[in-house]
Structure formats: C-alpha cells, structure tokens
Amino acid sequence: MMPITLGQLADWCDGEILQGVPSTQLKSISTDSRKVDEGQIFLALKGGRYDAHDFIGSVAERKAGAVVVSNLTAETESFNGGVVRVKDTLSALQRLAFNHRRNSDGLFVVGITGSNGKTSTKDFLGASLAAGGQVNHTAGNLNNHIGLPLTILAGHENDKFGVWEMGMNHPGEIEALAEIAEPDAAVITHVGTAHIEHMKTREAIAEEKSALAVAVPAHGYCAMPAADDFFEYVSDRVSCELIPVGIGEGDVRAEAVEVIDSGQIRFVLRSDMNDSPEVLLPVRGLHMVNNALLAAAVSIREGITPNVIAEKLGQVELSGGRLQERSAGGVRFLDDSYNANPDSMKAALETLKISPAGGRRVAVLGFMGELGEHEREAHLSVGGAVVKAGVDALVTVGDQASLINEGASGIQESYHFVDHDAASQFLRTFLVEDDLVLVKGSRAAAMEKVINHFN
C-alpha cells in the first residue's frame with residue numbers, strides 16, 4: 001500500500017477522524033489483529049462468527065498506528081493512535097481499495113475471471129508480465145469482495161501491473177469487483193458450470209463472467225479461448241477488443257502441441273509477431289495450454305516479446321494443489337485438491353489419462369459443491385468421464401461423491417469411503433509403487449488430507 005496520511009485514510013474511506021493528527025503517516029493495512037505491525041492501519045471487519053472490534057485492545061498492544069471502526073468500544077476510546085469511524089467497515093475497505101487504485105499512477109490492471117483456471121492463468125501471466133515490470137498479483141484465494149480490496153491494498157508505488165483474480169458465486173459480484181478494480185484489460189478463462197447452484201444456468205454464468213470484459217474501456221481488450229461456447233456472446237456484449245486464443249486457432253495460438261515423456265506440454269507459440277518460439281510448460285494437462293496462451297496474449301499486447309514469454313512460461317511455479325506431482329510414502333500423486341467442478345474434474349481426468357505411469361492410473365475423488373439441482377447429474381457425468389479416461393481404479397470419499405461411483409458403471413475397480421481416514425487406510429494397502437494417483441475434490445472436500453496421510 002502506498003503511504004497515506006490519517007487524513008487521506010478518512011477521506012478515502014468516507015470516514016470521520018475521531019482521534020489523531022491528520023498529517024500522521026501510515027504505511028499499510030491489515031484486517032487480521034494477529035498480524036498487525038507497528039504503525040499499521042487495522043480495519044475492524046464484522047463477520048458472521050466474529051467482530052474484529054473485539055480485538056482493538058490486541059492491536060493496541062501491537063502498536064497499530066490507526067484503527068478504522070464502525071462502532072466505539074471502551075478499548076477504542078483508550079486506543080492511543082488514530083481512530084477513524086465509518087458507517088460500515090467492509091464498505092470502507094472497498095472504498096479505500098478503489099481510491100488506492102485510482103491514485104496508482106501508471107498501473108495497468110488485468111482482471112481475470114472464469115469458471116476454471118483463474119489461478120493458473122494468474123500464475124502464468126504474473127510470470128510473463130514480470131519481464132516488463134513489477135507485478136502485484138492475487139495471493140492465495142483473495143479474489144472476492146474482501147480479498148480483492150486486500151490484494152489492491154497490498155500493492156506498491158513501483159508496481160507496473162496488477163493481475164487480479166475475480167471470483168463469484170452469486171449474480172452481480174463480478175460487476176461490483178470490476179467497479180473497484182477498474183480493469184484496463186480482462187481475461188475470461190472459461191464459462192463452465194461452477195457455482196451453478198446459485199446462478200441456475202450457464203447463460204447466467206456467462207452474463208456474470210462477461211461483466212468483467214464489459215467494464216474494460218473501448219480502447220482496452222479481453223483475451224478469451226476461441227473455442228469457448230460463449231465467445232460470440234461475450235463479443236456481442238463488450239465494447240473492447242476480444243482476442244481469441246486456442247490450440248490451432250485464434251490470434252494467439254498453440255501449434256505442434258505434444259505431451260512429452262515427463263507429462264509436461266510442449267508447443268509452438270504463434271501470433272502476429274515474427275518470433276514463434278517453442279514453449280515447454282513445466283505443468284501437466286492440455287487444458288493448461290489455453291491458460292498459458294491467455295497469459296501470452298496479454299503479455300504480447302504489453303510489449304513482452306514471444307521469446308521472453310516462452311522463457312517465463314517455462315519457469316512458472318503454479319500455486320499449490322493444482323496438478324502438482326507429489327511423492328508421498330513411495331506413491332506418485334497428482335495433487336489437484338484445491339477445488340473442483342464438473343469441467344475441471346474432467347480436465348484433470350484427461351490429464352491423468354495422458355500422463356506417463358509405470359503402474360495403474362487411480363482416481364481418488366471427493367464431492368463437488370454448489371451444484372444445487374444439478375448435483376446428481378454432475379456427479380454421474382464425472383463418473384462417466386472416469387470410465388472414458390480409462391482409469392484403472394476409482395476411489396471416492398464422502399457421501400455425495402458416491403454418485404461418481406454410480407456413474408462409473410463398468411469400471412473394473414471402484415471403492416467408496418465415508419471419510420478420509422477410511423480411504424487412506426485402504427489406499428495404504430491398495431496402492432503400489434509406480435501407481436499414478438489423481439486426488440481432486442471441492443475445497444470443502446479437503447482431499448489433500450488423503451495425501452497427508454502418506455507423509
């Protein structure tokens with residue numbers, strides 16, 4: 001966060017200074033009372049299970065420079081630093097981020113949304129844009145109405161690029177996030193079925209995702225896979241340029257795509273530039289090619305040469321739990337446990353199918369959340385994808401995941417367990433050296449626990 005004064009803080013938050021000198025310099029912000037540093041701003045959010053106003057005494061002990069509050073307590077009144085009162089602290093956080101963005105001179109912001117691949121695309125794009133300047137990018141899963149403002153406020157004065165994920169699970173959320181971020185460009189990774197419980201239809205999901213591109217000014221652009229079912233729909237809605245990417249198609253495309261012995265992906269990067277370098281992605285999964293191409297499309301527009309982009313893409317380290325190979329207890333795991341929806345499940349199963357394996361290919365799958373009335377159909381379809389991928393054995397964990405077994409009719413070996421402990425005990429005796437094991441499920445399924453049992 002750029003240094004601001006207490007007076008600026010109050011102004012940007014639409015707040016009132018109750019205590020402190022307006023010219024006092026403040027350096028950064030935190031919403032976690034356990035991590036507040038000396039001189040930092042503490043903004044007291046209220047949640048369903050907590051009220052951070054209860055921890056004002058704790059941040060006082062840590063010598064916070066100022067607090068932003070919506071109600072006064074005895075601890076607030078005895079606080080020695082600056083005190084800014086606002087009507088609502090969440091709105092204040094969002095207003096603060098909006099004004100920080102507005103006052104970040106020279107910062108070029110790329111918003112990323114989509115049903116799948118947001119974080120991987122962010123990782124690719126952050127790596128390639130770093131060749132052109134310092135990048136402020138989303139950390140972890142900070143991509144919602146609280147996370148995005150915190151990501152923006154984590155930026156520095158010398159940042160050249162902002163690469164910010166924007167997630168949603170209800171209508172209207174992307175538009176609200178875009179209003180805060182004011183993107184110069186956008187990336188839509190895919191329009192799928194994630195969060196369909198709340199959105200009801202893919203058409204509604206497409207409308208929500210496209211709201212990010214709608215927020216991009218006419219002189220900006222949005223990169224999107226040409227093969228996406230809703231490419232033309234998005235094209236009709238936006239005023240900015242829509243850049244198509246894809247395998248064998250699009251303005252930025254991958255040609256001569258091949259899976260090498262390690263399971264990694266190699267392809268030739270083509271565009272309207274003279275250079276057409278070979279790219280070796282240090283990750284698994286053909287679906288990762290589109291994510292890399294989206295990053296390349298933006299990077300080319302921002303003056304990074306294809307040769308440099310290819311080099312940076314080849315060095316990327318993806319965020320944890322996303323098709324990372326891990327060895328534990330002598331077994332090879334493809335850890336894709338971070339999250340899941342029907343589309344990403346099927347992509348991961350396809351990756352398992354094409355990945356080199358000395359032994360059996362085993363899928364260990366948990367349930368998928370936020371599917372609503374589509375829950376049964378979606379889990380059955382994943383079961384069908386298990387069979388189509390030629391998986392040798394299926395293991396599911398949790399009551400809802402049993403539908404995957406039902407959909408995998410005809411598979412040679414299929415097992416279901418009610419919890420991680422039972423599944424892990426079985427897998428310890430079932431798995432042998434050289435087996436390749438995909439582990440995946442929704443975040444709430446916590447499928448990483450299966451792998452952790454082997455450590």
Side-chain angles (χ1 to χ4, degrees), residues 1-107 109 134 136-140 142-159 162 164 176-177 179-182:
M1 179 177 175
M2 67 178 67
I4 63 173
T5 66
L6 183 65
Q8 284 176 307
L9 173 64
D11 183 43
W12 287 5
C13 287
D14 289 337
E16 173 189 9
I17 298 176
L18 298 185
Q19 179 176 295
V21 179
S23 60
T24 301
Q25 289 285 323
L26 301 165
K27 59 181 182 180
S28 57
I29 190 167
S30 176
T31 58
D32 188 338
S33 61
R34 300 164 297 180
K35 298 179 181 179
V36 173
D37 293 328
E38 183 175 353
Q40 199 171 29
I41 303 162
F42 175 65
L43 189 141
L45 292 174
K46 294 181 180 182
R49 293 176 295 177
Y50 70 92
D51 183 345
H53 291 80
D54 296 337
F55 307 118
I56 299 297
S58 175
V59 301
E61 291 176 1
R62 300 178 71 91
K63 299 181 180 180
V67 294
V68 179
V69 297
S70 58
N71 57 282
L72 302 179
T73 65
E75 289 180 333
T76 306
E77 292 174 355
S78 63
F79 182 72
N80 290 328
V83 177
V84 174
R85 182 170 60 183
V86 297
K87 290 183 179 179
D88 177 81
T89 49
L90 175 57
S91 295
L93 175 66
Q94 294 169 344
R95 288 294 304 170
L96 181 61
F98 170 80
N99 282 296
H100 188 280
R101 161 68 176 115
R102 276 276 175 102
N103 286 273
S104 299
D105 294 335
L107 182 69
V109 172
Q134 186 165 295
N136 167 27
H137 59 75
T138 302
L142 295 178
N143 63 10
N144 63 6
H145 61 296
I146 295 175
L148 176 65
L150 290 175
T151 296
I152 294 172
L153 294 170
H156 300 283
E157 288 181 289
N158 53 347
D159 290 335
W164 302 335
L177 295 177
E179 288 177 356
I180 296 171
E182 294 192 331

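The chain is numbered in sequence order, starting from 1. Hydrogens, waters and symmetry mates play no part in the numbers below; they use all other heavy atoms, side chains included.
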**Prompt:** What is the minimum heavy-atom distance between L177 and L148, and which atoms define it?
**Reply:** O-CD2, 3.5 Å
**Message:** Using modelled atom types and a 3.5 Å cut-off, is there a donor and acceptor pairing between side-chain atoms of Q94 and backbone atoms of A176?
**Reply:** no
**Prompt:** Listed by chain and number, what are the side chain to side chain donor-acceptor pair (under 3.5 Å) partners of N158, not counting sequence neighbours?
**Reply:** Q134
**Prompt:** Which atom pair, heavy atoms only, marks the closest approach of A64 to V36?
**Reply:** CB-CG1, 3.7 Å
**Item:** Where G155 and N136 come nearest, the two heavy atoms and their spacing
**Value:** CA-ND2, 3.7 Å
**Item:** Summary of side-chain hydrogen bond (donor to acceptor under 3.5 Å, both in side chains) pairs that have at least one residue in residues 74-87, sequence neighbours excluded
**Value:** T73-T76
**Message:** Holding to side chain to side chain donor-acceptor pair (under 3.5 Å), I want the full list of residues that pass it with S28, two or more places apart in sequence or in another chain.
**Reply:** Q40
**Prompt:** Taking only residues two or more places apart in sequence, or in another chain, which ones meet D14 in a salt bridge (charged side-chain N to carboxylate O under 4.0 Å, His left out)?
**Reply:** R95
**Request:** Check side chain to side chain contact (heavy atoms under 4.5 Å, CB included) between L142 and all other residues, then give those that pass, not counting sequence neighbours.
**Result:** T138, T151
**R102: partners by salt bridge (charged side-chain N to carboxylate O under 4.0 Å, His left out), with sequence neighbours left out** = E182
**Message:** Which residues pass the side chain to side chain contact (heavy atoms under 4.5 Å, CB included) test with E179, not counting sequence neighbours?
**Reply:** E175
**Message:** I need the minimum non-hydrogen distance between I17 and G7, along with the two atoms involved.
**Reply:** CD1-CA, 3.9 Å
**Asked** With sequence neighbours left out, which residue pairs that include part of residues 42-51 fulfil the side-chain hydrogen bond (donor to acceptor under 3.5 Å, both in side chains) condition?
**Response** K46-N71, D51-H53
**Message:** Quick one, L6 with V21, criterion side-chain contact (heavy atoms from CB on, under 4.5 Å). Give me CA distance, side-chain angles, the key distance, then yes/no.
**Reply:** CA-CA 7 Å; L6 183 65; V21 179; 5.8 Å; no
**Set of residues satisfying side chain to side chain donor-acceptor pair (under 3.5 Å) with respect to N103, sequence neighbours excluded** = none
**Complete:** Across all chains, not counting sequence neighbours, the side chain to side chain contact (heavy atoms under 4.5 Å, CB included) partners of L153 are M1, I29, L93, L96, A97, H100
**Prompt:** Applying salt bridge (charged side-chain N to carboxylate O under 4.0 Å, His left out), which residue pairs with at least one partner in residues 27-45 are found, sequence neighbours left out?
**Reply:** D32-R34
**Set of residues satisfying side chain to side chain donor-acceptor pair (under 3.5 Å) with respect to Q8, sequence neighbours excluded** = none
**Item:** Closest non-hydrogen atom pair, L9 against A66
**Value:** CD2-CB, 4.4 Å
**Request:** Report the C-alpha separation of V84 and E16 in whole Å, then their side-chain angles, then the decisive distance to 0.1 Å, and conclude whether the side-chain contact (heavy atoms from CB on, under 4.5 Å) test is met.
**Result:** CA-CA 5 Å; V84 174; E16 173 189 9; 6.0 Å; no
**Prompt:** What are the two closest heavy atoms between I180 and P149, and how far apart are they?
**Reply:** CD1-CG, 4.4 Å
